[in-house]
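Residue numbers start at 1 and run along the sequence shown.
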Amino acid sequence: MKDNRPIDRKRSSGGNAEIGTKEDGAIEQMIKIGERLIVLKERSIYEFMMADDVDPERTNINLPNNIHKLIIDQGSESEMVSRVFITANILFNKGKFENTIDTEKALTLTLDLIQELSILDTEIQSYLDKEIEVTEEYESKRSKPVSYSIPSIGNAKNRCTTIFQKADHIEQTLMKIITLFYPNDGLTQQSHFPKLYKIIEEKYGEKDSFTEFLGKILEFMKLIRNLRNALDHQLKGVEIYDFELAPNSDVIAPSIELDFKGSKLERQSLSEFLKFLVPNFIYICEITIVHLAGRNFIPTLMQQTVQEIPENKRRNKFVKYSFWSNMGEGGYYDQ
């Protein structure tokens, strides 16, 4: 008989687990992705592991029986998490696709995607907070008898370089997901949306809704890519202006301007431009996921399609899409 070592008794014993903190809210869902168990809470997402997952040979008796790791400090109450990850979890249902499409990897990459989005959001918010801080400091000194100086971010260009590097990571991760659904069309992680647009147009036609969607976002994606390249490689054609003093004594807030490889951005407020990046990316990720599912699922006799869920039927107010079946009055939304 195999020795029942203390570590074996410990690992085989029952117990309970507290995942996260009270501030994270309630557990909304446990999601299995391959060998990983993802715990979706109201205000966070964790990965839950047993000690044997980390130490299968049972060499460390001091290892806790269960371990949890924070993936992102946003959960089901977050619009970003709901519209991207939860939507993907609903639509990338393994049983609805051919085995050649690795939906588990697609979901894993979607977790990476929301982490990238969260990082981008944090970087942008850090810049916006800094601009507000130095503006308020300047305003507080304007009426005081001190030497005149205008506010300054100091490292506005470096901050923007980081921001657009993060934005570029989002496109790369999204392309990784897309290649899982179109593995034989010459797409790679390093492909960009102009190439994707041509492939989808050839595959489905110029009037197809997927083609039309990509056509609408193409200039934005090219703009972000060109901003990243111009800033990262310190090329001509991009300008990041810090606070400036106008001839009439007005102080002009930081601004951005681009004229590079066919992308043109007239000089405008940097803070206002940055504010719409994350909402745009959330929309692009969400609708790309919708089209990937809608174009690649296996048709059934149930007349299934991917449709927008009426607001009064949504389980999560931010999750707008699911598979719909022609069952009963109004059909059935598989949420």
Around atom [atom1] of [X], are there more than 12 heavy atoms of other residues, nucleotides or ligands at under 6.0 Å?
X	atom1	answer
Met30	CE	yes
Asn99	CG	no
Lys195	NZ	yes

Return the orientation label for the Phe210 and His291 ring planes: parallel under 30°, perpendicular over 60°, tilted otherwise. parallel
Measure the acute angle between the ring planes of Phe273 and Phe164, then classify it against the limits of 30° and 60° as parallel, tilted or perpendicular. tilted
Before giving the answer on side-chain hydrogen bond (donor to acceptor under 3.5 Å, both in side chains), spell out for Thr305 and Gln307 the whole-Å C-alpha distance, their side-chain angles and the decisive distance to 0.1 Å. CA-CA 6 Å; Thr305 58; Gln307 289 196 14; 3.1 Å; yes
Could you state the interatomic distance from CZ (Phe85) to CD1 (Ile71), rounded to the nearest 0.5 Å? 7.5 Å
Measuring from Thr162:OG1 to Ile124:CD1, what's the distance to the nearest 0.5 Å? 11.5 Å
Verify side-chain contact (heavy atoms from CB on, under 4.5 Å) between Phe193 and Ile178, making sure each step is shown before the conclusion. CA-CA 11 Å; Phe193 271 66; Ile178 292 166; 4.3 Å; yes
Counting N and O atoms only, with roles assigned by atom type, does the side chain of [X] sit under 3.5 Å from a partner on the main chain of [Y], one being a donor and the other an acceptor?
X	Y	result
Thr173	His169	yes
Glu28	Ser76	no
Lys203	Asp185	no
Asp24	Thr21	yes
Lys32	Gly34	yes
His192	Gln190	yes

Which heavy atom of Phe213 sits nearest a heavy atom of Thr288, and at what distance? CE2-OG1, 3.5 Å
Counting C-beta onward and ignoring hydrogens, is there a side-chain heavy-atom pair between [X] and [Y] closer than 4.5 Å?
X	Y	answer
Ser191	Leu196	no
Leu174	Phe281	no
Val278	Ile282	yes

Look at Glu131 together with Lys275 and state whether they make a salt bridge at an N to O cut-off of under 4.0 Å. no
Does this structure show an ion pair linking Lys198 with Glu201, if we count only N-O contacts that are shorter than 4.0 Å? no
Are the aromatic rings of Phe92 and Phe181 close, with centres under 6.0 Å apart? yes
